[in-house]
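Comments concern the structure below.
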Protein chains: 2
Amino acid sequence: MPRQPAGRREPLSRERVLYAAIDVADRDGLDAVTMRRVGQALGVEAMSLYNHVPGKQELLDGMVDMLVEEIEIPPAATEWKEAIRTRARSGRTLVRRHPWAPALMTTRPAVRVPMATYLDRVLTVLLDAGFSPQLAHTALHVLDSRVLGFTRDLFDPGTQEPMDPAIVASLTSTHPGMTRILEEATHDDDAEFAFALDLILDGLERARDADGATSARR
Amino acid sequence: MPRQPAGRREPLSRERVLYAAIDVADRDGLDAVTMRRVGQALGVEAMSLYNHVPGKQELLDGMVDMLVEEIEIPPAATEWKEAIRTRARSGRTLVRRHPWAPALMTTRPAVRVPMATYLDRVLTVLLDAGFSPQLAHTALHVLDSRVLGFTRDLFDPGTQEPMDPAIVASLTSTHPGMTRILEEATHDDDAEFAFALDLILDGLERARDADGATSARR
DNA sequence: ACCTGAACACCGTTCAAGT
DNA sequence: ACCTGAACACCGTTCAAGT
């Protein structure tokens, strides 16, 4: 059986399909990510993708998995503010490289393991810095909106109950920070909203007054 | 010419089409908003919609126009924090009523007049409260991310230049707050990012320390 | 002036067929 | 085991035709 010309047709794989899809999105936007177009980028028919990915939805989920794993993890000893700053900077370069990413990430129906791992790491940083589970939960939401570019609900938006118990159970040993928040924090949307808003308003007021004090009066 | 049975076929209009589309999205999500499905909701063929809306993209733009106009405008005399709070609450009920709204609003390619009007009102509140144009611009971004649920770039993300000059010119008399920001503020993405992050980190630190002081030690 | 039916170039996905 | 071609039920949109 003759070898095919070197590198002309390396076998497809889940990874190669996902990378190709990300590439198409980078080049022509999220709407350009169609099974046919991704297949074409790989020199293959659309139907071949189904051997490596169950369908379009799972392809999109897989893209998110890849993206989340790009976010940097500072070593555990790092001071909390610095750790958050590193993550934020990293999330930011990610969004710059893939401008379509926030739209996709905020739109997927479920939190998958890589995202859970990411959230767990942020929560652990906060818990270790002395934040209560409740405040850590709120902090996560305040932080990840603007700064990390996306937000995920840990509690079911309808019932306010924690996510699927089966998923929570599967996370206990691997995701201690997240588990603790799910067990010890309650989700009060109104309280969290008021808190975030006041935090921002107070910060802005402080900035305005400092601004007036340092610059020449206009 | 005989009258048709009362109310059985009131004529289509841009407004009726947009309301029907919003209704479909509320019921079955944004993906369910197809020309055929919206037509069906109105008891009409998909092609009839083209008499009232140039195409799918403009239908989506029109939906955003309608949504933005739902956001409440407190009277001009209101104290600035209270004014922002009113807007934020109003944006929040909007998002609760139409959970698909943020995804759509952050995804449209251009800022249209109703959105510009909304942004102008927020900016005017801030300017009147003594914020510099630069700080008002930053404040808008910090605020509208989590709190109002969506973010719009006023400056071209590529060039950092203000939006289309023709559009800016058309806004001078009607949108004074926005015009002033476009003329007097510069857009430094990195500086704004650092500012927002520090504002949040400092606010969180303050909250953590207050938390520890008021609650029993754990 | 407004609505429609047929048609076109696209989707995601199934399935039987190829190697 | 992996890839494919034809097919199906959908898209958005054009256009000629109806009233």
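Since the model is a prediction, treat every value here as computed from it, not as a measurement. Below, chains carry the letters A, B, ... as their sequence lines are ordered, and counting in each starts from 1.
- Under the side-chain hydrogen bond (donor to acceptor under 3.5 Å, both in side chains) criterion, B/N51 pairs with no residue at all, not counting sequence neighbours.
- A heavy atom closer than 4.0 Å to some atom of DNA chain D occurs in B/M47, B/Y50, B/G55, B/K56, these being the qualifying members of residues 45-66 of chain B.
- Scored by the side-chain hydrogen bond (donor to acceptor under 3.5 Å, both in side chains) test, B/H52 finds no partners at all (sequence neighbours excluded).
- Residues meeting the side-chain hydrogen bond (donor to acceptor under 3.5 Å, both in side chains) test with A/D190, sequence neighbours left out: B/R92, B/R96.
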Check your understanding: If pairs are Watson-Crick or G-U with both distances under 3.5 Å, what is the dot-bracket string of DNA chain D, marking crossing pairs with [ ] and pairs to another strand with |?
Key -> ||.|||||...|||||.||
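- Atom CG in A/L12 sits about 13 Å away from atom C1' in D/dT4, given to the nearest Å.
- Within residues 26-38 of chain A, the residues that place at least one heavy atom under 4.0 Å from DNA chain D are, in residue-number order, A/R36.
- For the side-chain contact (heavy atoms from CB on, under 4.5 Å) test, residues two or more places apart in sequence or in another chain that qualify with A/T78 are A/P74, A/P75, A/E82, A/A83.
- Residues passing the side-chain hydrogen bond (donor to acceptor under 3.5 Å, both in side chains) test with A/D61 are A/R108, sequence neighbours excluded.
- Not counting sequence neighbours, the partners of A/T117 by the side-chain contact (heavy atoms from CB on, under 4.5 Å) test are A/V113, A/R121, A/H175.
- Listed by chain and residue number, B/W100 satisfy the ring pair (Phe, Tyr, Trp, His ring centres under 6.0 Å) test with B/H98 (two or more places apart in sequence, or in another chain).
- Take A/R14 and apply the salt bridge (charged side-chain N to carboxylate O under 4.0 Å, His left out) test, not counting sequence neighbours, and it matches A/D65.
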Check residues 32-49 of chain A and write down every donor-acceptor pair under 3.5 Å in which the side-chain atom is one partner and the other belongs to a residue at least two apart or another chain.
residue : atom : partner : partner atom : Å
A/T34   : OG1  : A/R37   : N            : 3.0
A/R37   : NH2  : A/D28   : OD2          : 2.2
A/S48   : OG   : A/E45   : O            : 3.3

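- Minimum heavy-atom separation, B/M178 to B/L123: CA-CD1, 3.8 Å.
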